[in-house]
Number of protein chains: 2
Amino acid sequence: MLSRDRIVTAAIAVIEREGADAVSMRRIAAELGVGVMSLYNHVPNKSALLDAVAETVLSQIEFTDDPAAHWTQRVRMQARAFRQIAHHYPRCTMVVVSRQLRSTAGLLPVERALATLRDAGFDGREAVQMLRVFIAYIVGSLLREVGVTPTFAPVRPDIAVAEVDPALFPMVSAFAPDLMACDHEEEFDFGLELLVQTMAVRAEQAAGREG
Amino acid sequence: MLSRDRIVTAAIAVIEREGADAVSMRRIAAELGVGVMSLYNHVPNKSALLDAVAETVLSQIEFTDDPAAHWTQRVRMQARAFRQIAHHYPRCTMVVVSRQLRSTAGLLPVERALATLRDAGFDGREAVQMLRVFIAYIVGSLLREVGVTPTFAPVRPDIAVAEVDPALFPMVSAFAPDLMACDHEEEFDFGLELLVQTMAVRAEQAAGREG
DNA sequence: ACCTGAACACCGTTCAAGT
DNA sequence: ACCTGAACACCGTTCAAGT
């Protein structure tokens with residue numbers, strides 16, 4: 001028996017196996033052994049199906065940050081929880097970050113983050129600004145991690161020797177080893193720490209202003 | 001007379017007018033008044049054409065930072081120069097950031113940024129890490145600005161009243177006005193300043209270590 | 001060297017017909 | 001209520017035929 005859930009699950013499976021560009025209504029129908037048009041009894045169109053994919057992946061994020069912990073630690077935990085998407089569903093990541101969800105699954109992470117930033121002592125405007133900085137950083141980092149965006153490694157992994165002209169690009173050539181290697185967790189945590197620490201400085205200033 | 005340049009220009013025009021999803025070889029050919037297959041005399045395939053689109057847009061970035069200026073100011077200027085893409089070619093932005101270019105146009109911004117970060121006193125490893133943080137932030141910010149990624153405004157602009165349940169999402173509801181309004185330049189500069197300032201602290205530490 | 005139409009294997013979605 | 005095949009208007013790309 002066909003159902004919305006089975007369709008969404010099949011869509012995620014196809015995306016993870018063959019990529020978000022390869023996914024199609026016909027491909028998903030084949031995966032389920034049904035005719036294409038059967039899908040339309042449970043999902044209005046492809047766009048809504050991709051929304052459902054994003055929603056399902058988002059709702060599986062496990063936020064484990066302790067409400068009693070210091071807010072800086074909670075921000076770190078929330079950011080890392082979000083990054084789990086890139087681990088569990090790398091090829092769905094672009095779909096997740098590019099769908100404009102106004103559902104519970106979409107707004108819950110925002111709600112949590114805003115609450116944490118309010119705890120830090122920011123007013124509404126500041127909290128929203130900080131949230132946007134974090135989201136931008138996280139989205140940018142995840143897209144690099146899943147290969148949507150380049151790492152700027154000057155050579156392709158399938159090519160043995162460096163191709164970049166050292167005369168034209170002295171820096172890129174000199175730092176080729178550092179550009180080639182990209183430990184995604186390490187790079188993510190580095191920037192996260194940078195952001196959390198400046199944010200802590202700002203929070204103190206905000207608290208000082210308020211008295 | 002058809003040419004690679006004319007094809008790329010037409011592709012950019014179509015993308016800006018109708019969106020990156022709507023662009024097709026057939027659509028571009030129609031735009032130029034030629035048969036689809038004529039394009040293939042100048043461009044090997046659609047993927048290569050999109051690479052050329054990214055390259056053309058990237059090469060139009062005007063880096064105007066003064067080499068004599070303080071490195072923090074140069075970082076700011078370079079980041080803002082990159083953001084101009086979102087202004088001039090909003091609907092090409094996703095194409096630009098998602099193409100893995102190893103050409104001059106693709107590597108020049110990286111080369112400039114690394115040189116600036118070296119001037120700041122970072123070693124190769126640190127410079128690459130800082131570069132990645134900046135790129136992630138910029139990419140994330142640009143995708144928000146051009147509408148690929150959500151702003152998390154709790155209501156749609158075409159709907160007059162807030163739809164979010166204040167009981168479920170007290171923060172999102174309370175800060176709805178701040179979430180609705182998003183001055184992209186202001187938000188971008190806010191996070192940029194945050195990053196530049198922590199980076200300056202790190203640079204001092206790096207300089208201190210070195211002697 | 002450059003342009004082209006026909007053809008192939010794909011898309012998403014509508015509609016009318018089945019159960 | 002749910003499934004479905006035919007049909008329509010699209011894709012990117014190959015190939016053989018033109019100039």
Side-chain angles (χ1 to χ4, degrees), chain A residues 1-57 91-101 147-148, chain B residues 1-57 91-101 147-148:
Chain A
M1 185 58 175
L2 210 48
S3 73
R4 204 187 112 106
D5 266 8
R6 285 192 60 213
I7 293 172
V8 173
T9 304
I12 292 174
V14 171
I15 292 173
E16 287 306 320
R17 200 180 323 121
E18 305 174 24
D21 291 338
V23 82
S24 72
M25 298 302 272
R26 294 175 126 102
R27 183 70 196 72
I28 294 164
E31 181 87 0
L32 291 163
V34 299
V36 206
M37 292 318 298
S38 306
L39 304 181
Y40 288 83
N41 292 305
H42 303 88
V43 158
N45 51 45
K46 189 183 181 183
S47 175
L49 175 52
L50 291 179
D51 279 349
V53 165
E55 207 139 335
T56 301
V57 170
R91 309 184 90 171
C92 286
T93 301
M94 187 61 210
V95 174
V96 173
V97 302
S98 64
R99 294 271 129 188
Q100 318 254 355
L101 304 178
V148 169
Chain B
M1 182 61 174
L2 210 48
S3 72
R4 205 186 112 105
D5 267 8
R6 285 192 61 213
I7 293 171
V8 173
T9 304
I12 292 174
V14 171
I15 292 174
E16 286 307 320
R17 200 181 323 123
E18 304 174 28
D21 291 338
V23 82
S24 73
M25 298 302 273
R26 293 175 127 102
R27 184 69 198 74
I28 294 164
E31 181 86 2
L32 291 163
V34 298
V36 207
M37 291 319 298
S38 306
L39 304 181
Y40 288 82
N41 292 304
H42 303 89
V43 158
N45 51 46
K46 190 183 181 181
S47 175
L49 175 52
L50 291 179
D51 279 349
V53 165
E55 207 139 336
T56 300
V57 171
R91 307 183 92 170
C92 285
T93 301
M94 187 59 210
V95 175
V96 173
V97 302
S98 64
R99 294 271 129 188
Q100 317 254 355
L101 303 178
V148 169

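As a basis for the values below, the full set of heavy atoms in this structure was taken, side chains included, without hydrogen atoms, waters or symmetry mates. Order of the sequence lines sets the chain letters (A, B, ...), proteins ahead of strands, with each chain counted from 1.
Partners of A:Asn45 according to the side-chain contact (heavy atoms from CB on, under 4.5 Å) rule, which considers only residues two or more places apart in sequence or in another chain, are A:Ser47, A:Ala48. By the salt bridge (Lys or Arg N to Asp or Glu O under 4.0 Å) test, A:Arg91 pairs with no residue at all, sequence neighbours left out. Contacts of A:Arg27 classified as salt bridge (Lys or Arg N to Asp or Glu O under 4.0 Å), with partners at least two apart in sequence or in another chain: A:Glu18, A:Glu31.
Distance A:Leu2 CG to D:dA1 C1': 13 Å, rounded to the nearest Å. For A:Asn41 and C:dT13, the CG to C1' distance is 13 Å, given to the nearest whole Å. Separating the CG atom of A:Leu39 from the C1' atom of C:dT14 is a distance of 15 Å, rounded to the nearest angstrom.
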Expected rows: protein N/O vs nucleotides 8-12 of chain D N/O, under 3.5 Å:
from   : atom 1 : to      : atom 2 : distance (Å)
D:dC11 : OP1    : B:Ser24 : OG     : 3.1
D:dC11 : O5'    : B:Ser24 : OG     : 3.3
D:dG12 : OP1    : B:Met25 : N      : 3.0
D:dG12 : OP1    : B:Lys46 : NZ     : 3.1
D:dG12 : OP2    : B:Met25 : N      : 2.9
D:dG12 : OP2    : B:Arg26 : N      : 3.4
D:dG12 : N7     : B:Arg26 : NH1    : 2.4
D:dG12 : O6     : B:Arg26 : NH1    : 3.0

Tabulate protein N/O versus nucleotide N/O from nucleotides 15-19 of chain D, keeping only pairs under 3.5 Å, one per line.
none

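For the atom pair CD1 (A:Ile7) and CG (A:Leu32), the distance works out to 6.5 Å, reported to the nearest 0.5 Å. Between the OG1 atom of A:Thr9 and the CZ atom of A:Arg4 there is a distance of 10.5 Å, given to the nearest 0.5 Å.
Taking 4.5 Å as the limit, some side-chain heavy atom of B:Ile28 sits within range of a side-chain heavy atom of B:Leu39. The shortest side-chain heavy-atom distance between A:Asp5 and A:Thr56 does not fall under the 4.5 Å cut-off. By the 4.5 Å heavy-atom criterion applied to side chains, B:Leu2 and B:Asn41 are not counted as neighbours. Between B:Val96 and B:Val53, the closest side-chain pair of non-hydrogen atoms is not below 4.5 Å.
Remark: side-chain polar atoms of B:Ser98 are paired, donor with acceptor, to backbone N or O of B:Met94 under 3.5 angstrom. Between the side chain of A:Arg99 and the backbone N or O of A:Leu50 there is no donor-acceptor pair closer than 3.5 Å.
Applying the salt bridge (Lys or Arg N to Asp or Glu O under 4.0 Å) test to residues at least two apart or on different chains, none of the pairs has a partner in residues 35-46 of chain A.
Phosphate contact (OP1/OP2 of D:dT4, side-chain N/O of A:Ser38, threshold under 4.0 Å): present. Contact annotation: A:His42 side-chain N/O to D:dC3 OP1/OP2 distance is under 4.0 Å.
With B:Val23 as reference, B:Ile15 is the one residue of B:Ile12, B:Leu49, B:Ile15 to meet the side-chain contact (heavy atoms from CB on, under 4.5 Å) rule.
Stems are defined here as 3 or more consecutive Watson-Crick or G-U wobble pairs with pairing distances under 3.5 Å; those involving DNA chain C are C:4-8 with D:12-16, C:12-16 with D:4-8.
Near-neighbour residues of DNA chain D inside residues 13-21 of chain B, defined by a heavy atom below 4.0 Å, are absent.
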